[in-house]
Amino acid sequence: MRLPEHLQASLAAAQEQRLRGYRGRFAPSPTGELHRGNLRTALLSWLAARRRRGEWLLRIDDLDTPRNRAGAEEAILADLLWLGLDWDGPVLRQSRRRGIYASVLSALRRAGLLYPCRCSRRLLADISAPHGGLNVYPGFCREGPHAWGPEQGRLPSWRLRLPPGNLHWREGSSCGGWLDGATAVGDGVLRRADGVVAYHLATAVDELWLGISDVVRGEDLWSSTGAQVAVMQAVGAEPPAYTHVPLWRDANGERLSKRDRSEGLTGLRRGGRDAAAVIGELAASLNLVPAGSRLSARELLASLPAEGPLLPPPQQALRQPPTPGRQQAEV
Ligand code: GLU
């Protein structure tokens, strides 16, 4: 597809910046306090960038306003600074970047790559009920008439028409990540029926237009990567390299939740831990230092080899984890 001149120019500039050096980012949603799994991912993402003398941006993914929690953003910033994880430049907020998302959306729409969808969340949940959980949109509206306006008081959502084939990306130091478009990704919603820009569109646009070279994030986002790479392909741009970090699980094998307040820094501090103890604990959980180590983020950085994979095996060999994605009927 051909992007409008100004978008093409800003994309080209961002892609050039990416070639000049490592540019990573941490992108929390302000939905609650970071738990130790989030903190571990932040640490790894920071280490990966600083080890390459690269930049590390902080982006607040605050588009889904009903899920945002008052004070969460301030708490996230304070926690990162307390741990010594400093970011470059101003804090970026997706809510301030709606203009570029809208421009890319209309370019995709004009190029005929989106189609309106009138399937409700309810309908999609109902048809998937016997099997529990519908991961991929079945394409009901794919060939339908392209009616833009409201019908029964409801506007359509807009989906990306995915071409057949696999979606590939560079993954850590392994041989790469991929997902089958038809069975694992599907035609994702890029603009929700309520007018909100979908997370996949905003995130794909940000990685590209902010010139992000490397994304280090939780492995729960593996399936989202397929949907985001699909958007990047649609605008004709190369995705960044990804490293998906294993999630921190509790003693029962459950993933941590921001709702469990004991898992955040407030709880850890209450238990008597200072920053050196927390960094030691996070790093030990990744086998980067022996258990019981106490050190600052900078000391940890200085102790790492400048080259080679950050994560020792087996994490490094991580492949396609069978985690459900966010492409579930985001109408
Ligand atoms: N903001 C999302 C989250 O916190 C996405 C993060 C990312 O893409 O790294 O789960």
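Read the numbers this way: they start at 1 and go in the same order the structure lists the ligands and their atoms. Quick note: residue numbers are just sequence positions, from 1.
The closest non-hydrogen atom to atom 1 (N) of ligand 1, taken over Asp220, Asp61, Asp64, comes from Asp61. Taking each of His200, Arg25, His244 in turn, the one with a heavy atom nearest to atom 9 (O) of ligand 1 proves to be Arg25.
A cation-pi arrangement is found for Arg159 relative to Tyr137, the charged atom lying closer than 6.0 Å to the ring centre and inside a 45° cone about the ring normal. In this structure, Arg192 forms no cation-pi arrangement with Trp158, as its terminal cationic atom is not both closer than 6.0 Å to the ring centre and no more than 45° off the ring axis.
Any N or O atom pair closer than 3.5 Å counts here, and Arg59 shares no such pair with ligand 1. For ligand 1, the polar-atom distance check against Thr203 finds no nitrogen or oxygen pair separated by under 3.5 Å. When only interatomic distances are considered, the shortest N/O to N/O separation between Val215 and ligand 1 does not fall below 3.5 Å. For Glu207, no nitrogen or oxygen atom sits less than 3.5 Å from a nitrogen or oxygen atom of ligand 1, counting backbone and side chain alike.
Side-chain contact between Val229 and Leu179 is absent, with no heavy-atom pair separated by less than 4.5 Å. Considering only heavy atoms from C-beta on, Leu80 stays 4.5 Å or farther from Trp46 through its side chain.
At least one heavy atom of Tyr199 sits less than 4.0 Å from an atom of ligand 1.
Closest non-hydrogen pair, Ala42 versus Trp56, comes out as O-CZ2, 3.6 Å.
When each of Arg23, Arg25, Arg18, Gln228 is paired with Glu207, the side-chain hydrogen bond (donor to acceptor under 3.5 Å, both in side chains) condition holds for Arg25 and for no other.
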